[in-house]
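Numbering of ligands and ligand atoms starts at 1, following listing order.
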Amino acid sequence: MMWRSIAGFSKSVVTRSHGSKRCFSTTIPGPCIVHKRGADILHDPWFNKDTGFPLTERDRLGLRGLLPPRVISFEQQYDRFIESFRSLERNTQGQPENVVSLAKWRILNRLHDRNETLYYRVLMDNIKDFAPIIYTPTVGLVCQNYSGLYRRPRGMYFSAKDKGEMMSMIYNWPAQQVDMIVITDGSRILGLGDLGVQGIGIPIGKLDMYVSAAGINPQRVLPIMLDVGTNNEKLLQNPLYLGLRQPRLEGDEYLEIIDEFMEAAFTRWPKAVVQFEDFQAKWAFETLERYRKKFCMFNDDVQGTAGVALAGLLGTVRAQGRPLSDFVNQKIVVVGAGSAGLGVTKMAVQAVARMAGISEIDATKNFYLIDKDGLVTTERTKLDPAALAFAKNPAEIREGASIVEVVKKVKPHVLLGLSGVGGIFGEDVLKAMRESDSCKPAIFAMSNPTTNAECTAADAFKHAGGNIVFASGSPFENIELDNGKVGHVNQANNMYLFPGIGLGTLLAGARIVTDGMLQAASECLASYMTDEEVQKGILYPSINNIRHITTEVGAAVLRAAVTDDIAEGHGDVGPKDLSHMSKEDTVNYITRNMWFPIYSPLVHEK
Ligand SMILES: NC(=O)c1ccc[n+]([C@@H]2O[C@H](COP(=O)([O-])OP(=O)(O)OC[C@H]3O[C@@H](n4cnc5c(N)ncnc54)[C@H](O)[C@@H]3O)[C@@H](O)[C@H]2O)c1
Ligand SMILES: O=C(O)C[C@H](O)C(=O)O
Ligand SMILES: [Mg+2]
């Protein structure tokens, strides 16, 4: 059931990702063993080639007569799909944006359901156009409407009703091997809140990025929905809602379910990597602490986001023309003290402490944390213990001060939003950033999807000025400035790190994901951009380069796992082999192990 990775072929693919031109190699891929015949193959998206089955293969697999006679090449199938996508774009012009976005998602999803090889090929080669559909922002809309959009199952569902059954249920998954699992409980889907079982769209979208960016074999990915109920009244009232119609489990009842799932998953696939995604803050932190030393897992919202944000923050120092060591003097206001905001603040404070050789307590001096009740100070009652470390002295600025008050008083170098509240960086806040102590103030509106971004790119450049550095979690177009220059829009999204973290961890055979591995990932991303690019305000690579940056991040993560002495090797490659690899060898090893979508000859085996 397993497709071999195509040694020697994918390397050219990784470097090729610098451009957007597609190419179809003539390299002959290794065979793929299939245990079914006839129509069963046509109905299995892992093996299906649609009209692309060569005649000899049709004979061997019992497909003769089940397809129209003409054999269509992969290239022709590709072109045909792209043409139907473009024609959909033309035909839906002028229709409401949500309608168009969902229509585009549907056409891609249908291909995903039918022919995975072609799906991933069009996704990879057109990632800039298609990521906003299978990932943020459209994936948010899809989750909101999932019960209505649902046609076919994808991934696995473990519900509170499955208690005691999970160890056997996990064997219902048809693939022998699973490398990457992305799990959610649907409690905080992007900035859209509790979407219950409908949050399954997020693990699916994240794993699509794993396949396209990290070359994880799509037969070895597993999206998981842990349905412990929902507190979303609208969903509970919706007769079409597909999840458990009960309030969310809390406390030990909740933890017992997730413990059982983790035990089951790692019993069947001891070498898998599990990514936690879009859990509400309290469970994001609690599960991370509970499992990070026991299982090979990480939390993308807490740790992936932190690494991406830190890379961007270091980029803003370079963009100001200052040495990186000046990071310790940057004043940073973080709006949003949840799983993402706290993760970012913690990692950035640790970086300051390291660079300045000071304690983490002293390193918090230049950080200001704001939540829904305003500036967090030591005067705050009922403060989340994780936020306490960053609470200010109210003598400096009053408890609960608003964003605009803090910005006016602090004149920060960076204003970073992870609040989930759309438009919260209003005109007054953005205009106040003009008084920043930085020559290139940075505004990071990182909340997703687009409607939940703290401000739009256009508003940021209009009100805060053309000299800002801007980044958002969901994509915006670059802005044409009045002076004829371009206001560059960066996408500060954890997609630049999580695929590489997962890939490096997997190929290292790391037992756990250490802070050293996460730091290496962030540093790799930070140093990826050239000085020339950062001077122009370009802090992150183009999404067209995501496969290349992911390879580099994967190599950095793998090497950090070796340094931390937790790499146990992968397949035939043992820990000794890993430790003897040079940086270049590591990149080559990673590249060789990345899956690439191309039709392999199918060989039937009983
Ligand atoms: N760009 C990325 O890569 C990325 C990564 C992770 C999360 N996010 C986005 O960040 C957002 C938050 O995610 P989270 O997991 O931290 O959520 P969360 O629910 O854990 O935290 C939200 C925080 O925002 C605060 N908040 C709410 N309303 C506020 C207001 N009016 N003013 C100031 N603060 C307010 C809350 O008090 C809380 O501290 C979501 O929109 C998510 O999509 C983006
Ligand atoms: O999913 C994304 O686009 C980023 C992030 O994980 C989020 O929760 O917003
Ligand atoms: Mg997330």
Between [X] and [Y], does any side-chain N to carboxylate O distance fall below 4.0 Å?
{"X": "E396", "Y": "K409", "result": "no"}
{"X": "K408", "Y": "E435", "result": "no"}
{"X": "K282", "Y": "E250", "result": "yes"}

Under 3.5 Å between any N/O of [X] and any N/O of ligand 1: does that happen in this structure?
{"X": "G338", "result": "yes"}
{"X": "V335", "result": "no"}
{"X": "N448", "result": "yes"}

For [atom], which protein heavy atom lies nearest, and how many Å away is it?
{"atom": "atom 15 (O) of ligand 1", "value": "S339 OG, 2.5 Å"}
{"atom": "atom 22 (C) of ligand 1", "value": "S419 O, 3.8 Å"}
{"atom": "atom 10 (O) of ligand 1", "value": "L418 CD2, 3.4 Å"}
{"atom": "atom 34 (N) of ligand 1", "value": "D371 C, 3.1 Å"}
{"atom": "atom 3 (O) of ligand 1", "value": "N494 N, 2.9 Å"}
{"atom": "atom 11 (C) of ligand 1", "value": "S447 OG, 3.5 Å"}

Cation over ring face, K392 and Y368, 6.0 Å, 45°:
yes
Contact atoms of ligand 1, heavy-atom distance to [X] under 4.0 Å:
{"X": "I424", "result": "30 (C), 31 (N), 32 (N), 33 (C)"}
{"X": "G336", "result": "23 (C), 24 (O), 25 (C), 39 (O)"}
{"X": "G191", "result": "40 (C), 41 (O), 43 (O)"}
{"X": "A340", "result": "6 (C), 7 (C), 14 (P), 15 (O), 16 (O)"}
{"X": "D301", "result": "6 (C)"}
{"X": "G473", "result": "1 (N)"}

Given ring pair (Phe, Tyr, Trp, His ring centres under 6.0 Å), test F295 with F266 step by step and report yes or no.
CA-CA 8 Å; F295 295 115; F266 281 97; 4.8 Å; yes
Of A337, A284, G343, which has the heavy atom at the shortest distance from atom 23 (C) of ligand 1?
A337
Options K372, M446, M495, R188, ranked by nearest heavy atom to atom 35 (C) of ligand 1, top entry
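Comparing heavy atoms across K372, M446, M495, R188, the nearest one to atom 35 (C) of ligand 1 lies in K372.
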Please tabulate, one pair per line, all N/O donor-acceptor pairs under 3.5 Å involving side-chain atoms of residues 189-201, not counting sequence neighbours.
residue, atom, partner, partner atom, Å
D194, OD1, G196, N, 2.9
D194, OD1, T230, OG1, 2.9
D194, OD1, R248, NH2, 2.8
D194, OD2, T230, OG1, 3.1
D194, OD2, N231, N, 2.7
D194, OD2, R248, NE, 3.0
Q198, OE1, S147, N, 3.2
Q198, OE1, S147, OG, 2.6
Q198, NE2, C143, O, 2.9
Q198, NE2, Q144, O, 3.2

If you measure only the distance, is there a donor-acceptor pair under 3.5 Å linking the side chains of [X] and [Y]?
{"X": "R154", "Y": "H112", "value": "yes"}
{"X": "Q519", "Y": "Q350", "value": "no"}
{"X": "N109", "Y": "Y119", "value": "no"}
{"X": "Y135", "Y": "N493", "value": "yes"}

Indicate yes or no: at least one non-hydrogen side-chain atom of [X] is less than 4.5 angstrom from one of [Y].
{"X": "L342", "Y": "V344", "value": "no"}
{"X": "Q491", "Y": "M495", "value": "yes"}
{"X": "D179", "Y": "L222", "value": "no"}

Is the distance between the ring centroids of F390 and F367 under 6.0 Å?
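That pair fails the under 6.0 Å test.
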Quick check, are the ring centers of F498 and F298 under 6.0 angstrom apart?
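No.
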Using a distance threshold of 2.8 Å, what protein N/O/S atoms lie below it relative to the Mg ion (ligand 3)?
E277 OE2, D278 OD1, D301 OD1
Output side-chain donor-acceptor pairs under 3.5 Å for residues 331-340, partner residues at least two apart or in another chain, one line each.
residue, atom, partner, partner atom, Å
K331, NZ, V410, O, 2.9
K331, NZ, D437, OD2, 2.4

Do side-chain atoms of S522 reach the backbone of G307 as a donor and acceptor pair under 3.5 angstrom?
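Yes; judged by distance alone, with no hydrogens or angles, the pair exists.
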Hey, is V308 one of the residues with a heavy atom under 4.0 angstrom from ligand 1?
no
Close-range residues for ligand 2, whose non-hydrogen atoms fall below the 4.0 Å threshold
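Its neighbours under 4.0 Å (heavy atoms only) are Y135, T136, R188, L190, K206, E277, D278, D300, D301, N448, N493, N494, given by chain and number.
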Between T305 and ligand 1, which part of the residue brings a heavy atom under 4.0 Å of the ligand: side chain, backbone, both or neither?
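The answer is the side chain.
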Between V421 and ligand 1, which residue portion shows a heavy-atom distance shorter than 4.0 Å: side chain, backbone, both, or neither?
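V421 to ligand 1: side-chain contact only, backbone stays beyond 4.0 Å.
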Is the ring pair F461/F470 parallel, tilted or perpendicular, if the boundaries are 30 and 60 degrees?
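Aromatic pair F461/F470 classed tilted.
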Over 12 non-hydrogen atoms of neighbours within 6.0 angstrom of NZ in K440
yes
